[in-house]
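So the structure is just underneath, and the comments pick up after that.
Nothing fancy with the numbering, it's 1 onward along the sequence. In each ligand, atom 1 is the first atom listed, and ligand 1 is the first ligand listed.
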Amino acid sequence: MDEPFSGTVAILGLGYIGLPTAVALATRGVDVIGVDVDDATVEAVAAGRIPFVEPDLAIGVSGAVGMGRLTATTTVPEADAYVIAVPTPFNGDRTADLSFVRAAAASIAPKLRGGELVVLESTSPPGTTEQVSRWIKGLRPDLAMPHEDEGVPDVHVAHCPERVLPGRIMIEMITNDRVIGGVTPRCAARAAALYRVFTQGEIFTTDAASAEMAKLVENASRDVNIAFANELSLICEQAKLDVWEVIRLANRHPRVQILNPGPGVGGHCIAVDPWFIVGMAPELSRLIRTAREVNDSKPRHVAEMVLERAARFRQPTVACLGLAFKADIDDLRESPAVDVVETLADLAPELDIRVSEPFARELPAALSGRPNVRMQPVGEAIDEADIVVLLVDHSQFTSIPRSRLEGRVVFDTRGAWR
Ligand SMILES: NC(=O)c1ccc[n+]([C@@H]2O[C@H](COP(=O)([O-])OP(=O)(O)OC[C@H]3O[C@@H](n4cnc5c(N)ncnc54)[C@H](O)[C@@H]3O)[C@@H](O)[C@H]2O)c1
């Protein structure tokens, strides 16, 4: 086993992944400097507050800051290890946008003295971690980087993808198994020593490209399986069958485990990462592409189904419950619920749309400024609605008694009120 990690860690990107990682390290005695380009995020973390909602994160941040183990800044410091946890969205053509990763690597480069570890946590297409090594070399030709040869480099570079579930990040970050891919085996071993500080799951070391691909494959696998359930929901709807009952029965087979259908697939992992695989091999990724298309087509279908129900009212009011991409979180990125409301507002400007989202204070940019969409507390929205559409199975919604919905047309896209 490698030497245990000791030293200071700088984490670039204090979002859903970077901040919990910072807490996991800091609460185990590592000095962590959180770095973010967003002033408000840095200000919140430096004051021991969280900039977004995630169970058990608030107490971790206030504790780590209070102990003096976690600080936050907008300037990249000198450190012994750097963890890059910045966004990797896709471009207009759905190829990976690596500009944030490149900017992070560029901000680390001038701080390197030799002997450091640089870990890319951001989900990235195969080759990106090695590219980080090349980008640093481009800015620091004086340093021996690991992509150049198998000798001992000045800086070690590895990939450690994250596979936590929003809502359970603080638990899963510790208990999940980790895959760590090094640009060289020595890079992987150095990174493994860092992650051993807080990981209770098993750590599997491999090469960087295999680790990158494994992460994409995990998300594509989920996407394909959800697409199967979503396609079944369309077929069952046409056949006037209850898809949840059909799936419940099929899942009694010992080797069948069908997932739940819903209004689409969201978040910036499952809805994004499969496109990175399609981008690598467009001709060969037919199933993965189709799954994406099936899942992406679901919000429009849901909106059309709502309009079918609305046709029987003269001036219908529709309550849309939930905007987040999944239950009990505040993350609205790539959310199919937002797409459903946006499509409804576009297709039927005369519709009076009320939106309830307990995890958001205001409408997201895609919906704000639209005269026929406004936010309302859930009780009021239900009271005033002709049609109630459940888009997100937040506990606050699923616990609503059915009697409360009487007299309304109910459209439950999650199967939570069955
Ligand atoms: N959120 C998840 O559940 C999840 C799960 C697995 C993997 N991932 C991956 O982890 C990565 C980060 O995702 P996230 O959800 O934490 O994103 P996020 O948007 O919540 O946080 C990213 C943070 O990085 C900051 N940032 C951007 N450029 C920067 C730079 N150059 N230097 C310092 N900070 C910078 C942003 O201001 C933001 O605060 C992505 O690649 C994502 O695909 C996310």
> In terms of residue, atom name and distance, what is the protein heavy atom nearest to atom 1 (N) of ligand 1?
Replying inline: Y16 CB, 3.6 Å
> With a cut-off of 4.0 Å, which atoms of ligand 1 are near a heavy atom of A104?
Replying inline: 31 (N)
> Any Lys/Arg nitrogen of K215 or E212 sitting under 4.0 Å from an Asp/Glu carboxylate oxygen of the other?
Replying inline: no
> What atoms in ligand 1 come closer than 4.0 Å to a heavy atom of S122?
Replying inline: 11 (C), 41 (O)
> What is the closest protein heavy atom to atom 21 (O) of ligand 1, and at what distance does it sit?
Replying inline: G15 CA, 3.2 Å
> Which residue holds the protein heavy atom closest to atom 28 (N) of ligand 1, what is that atom called, and what is the gap in Å?
Replying inline: F100 CD2, 3.7 Å
> Heavy atoms, side chains only, cut-off 4.5 Å: are M280 and M213 in contact?
Replying inline: yes
>> To the closest 0.5 Å, what do you measure between CD1 (I84) and OH (Y82)?
In response: 10.5 Å
>> Within the 4.0 Å heavy-atom shell around E162, which atoms of ligand 1 are there?
In response: 6 (C), 7 (C)
> Between D154 and R140, is there a side-chain N and carboxylate O pair less than 4.0 Å apart?
Replying inline: no
> Which atoms of ligand 1 sit under 4.0 Å from any heavy atom of V35?
Replying inline: 33 (C), 34 (N)
> If you measure from the Lys or Arg side-chain nitrogens to the Asp or Glu carboxylate oxygens, is any gap between E342 and R370 under 4.0 Å?
Replying inline: yes
> What protein heavy atom sits nearest atom 10 (O) of ligand 1, and how far off is it?
Replying inline: I17 CG1, 3.5 Å
> Relative to the heavy atoms of C269, which atoms of ligand 1 are at a distance of less than 4.0 Å?
Replying inline: 4 (C), 5 (C), 6 (C), 7 (C), 8 (N), 44 (C)
>> Please list the nearest protein heavy atom to atom 26 (N) of ligand 1 with its residue and the distance rounded to 0.1 Å.
In response: V37 CG2, 3.7 Å
> Can you tell me the protein heavy atom closest to atom 42 (C) of ligand 1 and the distance?
Replying inline: H268 NE2, 3.4 Å
> Nearest protein heavy atom to atom 41 (O) of ligand 1, by residue and atom, and its distance?
Replying inline: T88 OG1, 2.6 Å
> Any salt bridge between K298 and D296, counting N to O under 4.0 Å?
Replying inline: no
> Taking only heavy atoms of K215, which atoms of ligand 1 are found under 4.0 Å from at least one of them?
Replying inline: 6 (C)
> Among P89, G13, P87, G18, which one has a heavy atom closest to atom 27 (C) of ligand 1?
Replying inline: P87
>> Among I270, V86, I169, D39, which one puts a heavy atom closest to atom 11 (C) of ligand 1?
In response: V86
>> Which option wins on minimum heavy-atom distance to atom 9 (C) of ligand 1: T123, V272, T21?
In response: T123
> With atoms numbered from 1 as shown, which atoms in ligand 1 lie under 4.0 angstrom from a non-hydrogen atom of R333?
Replying inline: 1 (N), 15 (O), 17 (O), 18 (P), 19 (O), 20 (O)
>> Do the side chains of E130 and R134 get close enough for a salt bridge, i.e. N-O under 4.0 angstrom?
In response: yes
> Can you tell me if T413 uses its side chain to pair, donor with acceptor, with the backbone of L390 under 3.5 Å?
Replying inline: yes
> Can a salt bridge be assigned to the pair D223 and R292 using a cut-off of 4.0 Å between side-chain N and carboxylate O?
Replying inline: yes
>> One thing to verify: whether E162 and R178 come together as a salt bridge, which I'm taking to mean a side-chain N less than 4.0 angstrom from a carboxylate O.
In response: yes
> Looking at P166, which atoms of ligand 1 are within less than 4.0 Å of one of its heavy atoms?
Replying inline: 3 (O)
>> One thing to verify: whether K326 and D331 come together as a salt bridge, which I'm taking to mean a side-chain N less than 4.0 angstrom from a carboxylate O.
In response: no
> Under 6.0 Å from the six-membered ring centre of F411 and within 45° of its axis: does the NZ or CZ of R309 meet both?
Replying inline: yes
>> What I want to know is whether D36 and ligand 1 share at least one N or O pair that is separated by under 3.5 angstrom.
In response: yes
